[in-house]
Amino acid sequence: QFLQSGVRAFVTSFLSVHCLIENSIQAPGLRDELDAKTLVVDQGIVELKNVSFGYCGQKELLSELDLKVHSGQTVALVGESGSGKTSILNLLLRICDSTQGKVLIDEQDIQQVTVESLRANIGVVPQEKIWFHNTIMDNIRYANSSVQDEQIYKACIAVGLHGLISSLKNGYKTIMGEGGVRPSTGELRRLAIARGVVSAGKVVILDEPTSNVDSRTEYRILRNIKALFPGRTVLIASNRPSTTAHADHILVLRHESVVEQGTHASLMSKGGHYYSLWSRGVGGKRPTSHQKHSYPNEMATYESEGAKSLKNIPLGENARSQLKSHKPTYMNETLDRHENNPAEHNATESMMERGIWRPDAPEFVPSSAREF
Ligand SMILES: Nc1ncnc2c1ncn2[C@@H]1O[C@H](COP(=O)(O)OP(=O)(O)OP(=O)(O)O)[C@@H](O)[C@H]1O
């Protein structure tokens, strides 16, 4: 999964830029209008007005969708795999364009602004894991080259990884991949969230941010989502309602259409598709009447699936010496220690400096062009 050397990382970065440019030229939807303006984002209000969309030559995916996400709001898209969540997020990034209607950010039609300025204003935590054979610090900094070390520490505290990273012999300078640490899938997701935190966008997109993260850790991250992204408009997609239940507003997708909307409580009361998804999410048990309206308590009963397998950072054989001691570092212990540390807690609450997702970020490069 990791590149063999820094040279390859450099070459891949270069290819990323190249592919983006190629893509921009070839994909009509991504071409800037001749008079395209620079997107200026102040509030981060996202609006979909009467939006319909279908992939080229395929049946319509979304039909006449209206959505308004207010500044600082968290809106979730939840639905089974293939229900269309990522496609909606892709519309915002102009990875594809709507066939009807408009997508607006702060009242500016995103098809009338430059793709570069659009993407510079949107922080992304994509589904794909894109990591370089480089230090942990530099991998997070990829989201924003001007971000200070201190901001990176704060982001890692927020996702419960700071203690774990600090316990490595080379700390944040530890190499990821060959000859270094090989974080588990869940840890990589949390590092990806840390990347999103240090990114710049007033609008943040999180696509399955906590897949492969154990439920307990997921709950702690999501509970603090507003503290993680203060003042930013967040769109979060997941096929697990547990990931999205904290959102201010939830869109429920089924068979590539929005079938329900509302808050967690209202959707649970309705007893529709969301209720059914949630019921399956809690280990197949129907929620009790108390659980129906009480998300935090519901989480308390949630099985800590996968927690047992997250014992320590899986390290390559050559890298075990990077640990200061051979005592395994337990993820949950680390998290507890930091949650109980008021200084770190405050740091999490008060965090947030801005950075910019560069338009050549690998998130925007087609997966077929990646070498990972
Ligand atoms: N580039 C594409 N071309 C054609 N069809 C596509 C393309 N990308 C996605 N689709 C189809 O669009 C539908 C919605 O896919 P999408 O990725 O938006 O779903 P999703 O809810 O995000 O799924 P998941 O949770 O698995 O990521 C699926 O039927 C998928 O096969």
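All of these numbers come straight from a predicted model, not from anything done at the bench. Just so you know, ligand 1 is whichever comes first in the structure, and atom 1 is the first atom listed for that ligand. Basis for what follows: all heavy atoms, side chains included, without hydrogens, waters or symmetry-related copies.
Annotation: atom 27 (O) of ligand 1 to nearest protein heavy atom, Gln127 NE2, 2.9 Å. Protein heavy atom closest to atom 29 (O) of ligand 1, with residue, atom name and distance, is Glu256 OE2, 3.0 Å. The single protein non-hydrogen atom nearest to atom 21 (O) of ligand 1 is Lys85 NZ, 2.7 Å, given as residue, atom name and distance. Among all non-hydrogen protein atoms, the one lying nearest atom 26 (O) of ligand 1 is Ser81 OG, 2.6 Å. Residue, atom and distance of the protein heavy atom nearest to atom 5 (N) of ligand 1 are Tyr55 CD1, 3.3 Å.
In the model, Ser146 has a side-chain atom that pairs as donor or acceptor with a side-chain atom of Asn144 under 3.5 Å. Glu187 and Ser184 form a side-chain donor-acceptor contact under 3.5 Å, judged by distance and modelled atom types alone.
Atom CD of Gln148 has 12 or fewer neighbouring heavy atoms from other residues, nucleotides or ligands inside a 6.0 Å radius.
In this structure a side-chain-to-backbone donor-acceptor pair under 3.5 Å is present from Thr233 to Gly72. The closest donor-acceptor contact from the side chain of Arg141 to the backbone of Val198 lies at 3.5 Å or more, if one exists at all.
Evaluated by nearest non-hydrogen atom to atom 23 (O) of ligand 1, the leading choice among Gly82, Gly54, Gly79 is Gly82.
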- Dump the intermediate steps for side-chain hydrogen bond (donor to acceptor under 3.5 Å, both in side chains) on Tyr153 and Ser166, then the final yes or no. CA-CA 10 Å; Tyr153 301 148; Ser166 304; over 6 Å; no
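Those atoms of ligand 1 that come under 4.0 Å of a heavy atom in Glu80, given as number and element, are 21 (O). Of all the atoms in ligand 1, the ones that sit under 4.0 Å from a non-hydrogen atom of Ser83 are 19 (O), 20 (P), 21 (O). Within the listing of ligand 1, atoms 14 (C), 16 (P), 18 (O), 19 (O), 20 (P), 21 (O) sit less than 4.0 angstrom from a heavy atom of Gly84. Within ligand 1, the atoms closer than 4.0 Å to a non-hydrogen atom of Thr86 are 17 (O), 18 (O), 20 (P), 22 (O), 27 (O), numbered from 1 in the order shown. In summary, the atoms of ligand 1 found under 4.0 Å from a heavy atom of Ser87, numbered by their order in the structure, are 14 (C), 15 (O), 16 (P), 18 (O).
The aromatic rings of Tyr274 and His264 stand perpendicular to each other, their planes meeting at an angle above 60°, with 30° marking the opposite boundary.
Of the residues listed (Leu65, Asp66, Leu77, Leu67), the one engaging Val258 in a side chain to side chain contact (heavy atoms under 4.5 Å, CB included) is Leu65, and it is the only one. With Arg94 as the partner, the side chain to side chain contact (heavy atoms under 4.5 Å, CB included) test is satisfied by one option alone out of Val115, Thr114, Val113, Val103: Val115.
Note that atom 31 (O) of ligand 1 has no protein non-hydrogen atoms nearby, at separations under 4.0 angstrom. Shown here, atom 9 (C) of ligand 1 is in close reach of the protein: a heavy atom of it lies under 4.0 Å off.
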